[in-house]
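Just so we're clear, the structure is a prediction, and the values are computed from it rather than from any experiment. The basis for the numbers below is simple: all heavy atoms, side chains too, and nothing from hydrogens, waters or symmetry mates.
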Amino acid sequence: MLFLDMKTYISFMFAIVFLLACSQPTHEKVPKVSEDDPRSAIINVTSQLREMAKADEAIRNEFDTVFKNRNRNAEGKAAFTAFYRKMRDQDIRHHEALNDIVEQYGWIDIERFGQQASHDAWLITQHMVHDKGVFQKKMRSLMTPGTNVDKTEYALLTDRIAVMFDKLHQTCGTQGKCQSSGDWTASQIKDFDTINSRRLAMGFAETFAEYETRMDAKC
């Protein structure tokens, strides 16, 4: 009887040890991406674009303050001129870097590079205004809205090109200026009566009136 009890006890203990071993969390090792792996290039591109976009946003946030103070005195004007050159020089470096990336990989689409990288590439493109729209038009020619680029971002770029460089009426009403009164005024809009249907088609959640109110608040 003692033998049977001991045998049962040993079997029971083995069962407990087995169950405990099975219950331990397993940590699957993430395979290291070699430099020859195509994924390595994707990681490098997305990292480079993220750093460029961060620098782009940082310098433009700083520029807003310098711009507001440009007419206060001679020092404010000099600071604005110097900072504008600094921002333009950074834009040119980003222009060259993004152009090299796109020459190799095509437009930075969402499917291959992810939403963030595609947005970063668009943001850099949106701010490339130093060459009278040549670079922006080149990048836009590689975009298919809703396929390899967000539709609203495509619309924003198209409006900017129309207003800044082609001197045409914009289609979605995204471009405008703050007035001395503190209100925001949109640049000329094509077929204003149908603007909300165009905005909806391009993925904008706001009507033009709602967008205008939000921009007024920013001004």
Problem - Over 12 foreign heavy atoms within 6.0 Å of NZ, K137 - result: yes
Exercise for the section: Verify the cluster assignment for L142 and I108: are they in a single hydrophobic cluster under the rule of side-chain heavy atoms below 4.5 Å apart? Expected result: yes
Handout entry: Main-chain N/O of G173 paired with D159 side-chain donor or acceptor, under 3.5 Å
Key = yes
Practice task
For R214, look at atom CZ and say whether over 12 heavy atoms of other residues, nucleotides or ligands are found less than 6.0 Å away.
Solution key: yes
Handout entry: Side-chain touch L123/E57, heavy atoms, less than 4.5 angstrom
Key = yes
Practice task
May I ask you to test the I124-M128 pair for a side-chain heavy-atom distance under 4.5 Å?
Solution key: yes
Completion exercise
Heavy-atom nearest pair, D216 first then W184, reads OD1-N, 2.7 Å
Exercise for the section: Answer with yes or no whether the side chains of D56 and H127 bring together a donor and an acceptor at under 3.5 Å. Expected result: yes
Practice task
Indicate, with yes or no, if V102 and F113 share a hydrophobic cluster defined by side-chain heavy-atom contacts under 4.5 Å among Ile, Leu, Val, Met, Phe, Trp and Tyr.
Solution key: yes
Practice task
Check whether any side-chain N or O of K151 sits under 3.5 Å from a backbone N or O of A201 as a donor-acceptor pair, and report yes or no.
Solution key: yes
Exercise for the section: Give a yes or no on whether M52 and I110 share a hydrophobic cluster (residues Ile, Leu, Val, Met, Phe, Trp, Tyr; joining criterion: side-chain heavy atoms under 4.5 Å apart). Expected result: no
Exercise for the section: Flag the pair Y211 / T174 as yes when at least one side-chain heavy-atom distance between them is below 4.5 Å, and no otherwise. Expected result: yes
Practice task
May I ask you to decide if S197's main-chain N or O and T194's side chain share a donor-acceptor pair within less than 3.5 Å?
Solution key: no
Problem - Distance in Å, L156 CG paired with T152 OG1, rounded so as to fall on 0.5 Å steps - result: 6.0 Å
Practice task
Taking ring pair (Phe, Tyr, Trp, His ring centres under 6.0 Å) as the test, write out the residues that go with H119, two or more places apart.
Solution key: W122
Handout entry: Contacts of type salt bridge (charged side-chain N to carboxylate O under 4.0 Å, His left out), residue R50, not counting sequence neighbours
Key = D120
Problem - Closest non-hydrogen atom pair, C172 against R199 - result: O-NH1, 2.8 Å
Exercise for the section: Using the test salt bridge (charged side-chain N to carboxylate O under 4.0 Å, His left out), find all partners of K138 that sit at least two apart in sequence or belong to another chain. Expected result: E103
Handout entry: Any donor-acceptor pair under 3.5 Å from Q90 side chain to A55 backbone
Key = yes
Practice task
Say whether, by atom type as modelled, one donor and one acceptor occur between the side chain of R160 and the main chain of Q126 under 3.5 angstrom.
Solution key: yes
Fill in the blank from the handout: Contacts of W107 meeting ring pair (Phe, Tyr, Trp, His ring centres under 6.0 Å) (sequence neighbours excluded), chain-then-number -> none
Practice task
Check whether any side-chain heavy atom of L157 sits under 4.5 Å from a side-chain heavy atom of I161, and report yes or no.
Solution key: yes
Exercise for the section: Sort out for me which residue in H169, Q170, Q175 forms a side chain to side chain donor-acceptor pair (under 3.5 Å) with Q188. Expected result: H169
Exercise for the section: Take D109 and S118 through the side chain to side chain donor-acceptor pair (under 3.5 Å) test and state the conclusion after the steps. Expected result: CA-CA 5 Å; D109 59 272; S118 185; over 6 Å; no
Exercise for the section: I would like to know whether T46 and Q116 meet side-chain contact (heavy atoms from CB on, under 4.5 Å); could you show each step before the answer? Expected result: CA-CA 8 Å; T46 56; Q116 184 66 63; over 6 Å; no
Exercise for the section: Quick one: closest heavy-atom pair of R60 and D91, and the distance? Expected result: NH2-OD2, 2.7 Å
Handout entry: Euclidean distance, H95 NE2 relative to Q136 CD, rounded to 0.5 Å
Key = 10.0 Å
Handout entry: Heavy-atom side-chain contact between M215 and K218 under 4.5 Å
Key = yes
Completion exercise
In this structure, CZ of R198 is separated from CZ of F208 (nearest 0.5 Å) by 10.5 Å
Problem - Connected via hydrophobic side-chain network under 4.5 Å: V149 and V45 - result: yes
Exercise for the section: Using the rule that two of Ile, Leu, Val, Met, Phe, Trp, Tyr join whenever any of their side-chain heavy atoms come within less than 4.5 Å, decide whether I195 and F204 are in one cluster. Expected result: no
Problem - ring pair (Phe, Tyr, Trp, His ring centres under 6.0 Å) against Y84, all qualifying residues, sequence neighbours excluded - result: none
Exercise for the section: Measure the acute angle between the ring planes of F80 and F63, then classify it against the limits of 30° and 60° as parallel, tilted or perpendicular. Expected result: tilted
Problem - Stepwise side-chain contact (heavy atoms from CB on, under 4.5 Å) check, R70 with V66 - result: CA-CA 6 Å; R70 73 191 186 286; V66 176; 5.9 Å; no
Completion exercise
Interatomic distance, NZ@K177 vs OG@S187, rounded to 0.5 Å, equals 7.0 Å
Exercise for the section: Establish, yes or no, whether the cationic atom of R112 lies under 6.0 Å from the six-membered ring centre of Y105 and within 45° of the ring axis. Expected result: no
Problem - Pairs flagged by disulfide bond (SG atoms under 2.5 Å apart) wherever residues 48-152 is involved - sequence neighbours left out - result: none
Practice task
Starting at NE2 of H94, measure out to CG of L49 and round the result to the nearest 0.5 Å.
Solution key: 10.0 Å
Problem - CG-CE distance between N148 and M143, expressed to the nearest 0.5 angstrom - result: 7.5 Å
Practice task
Look only at the side chain of K167 and the backbone of M164, and say whether a donor-acceptor pair between them is shorter than 3.5 Å.
Solution key: yes
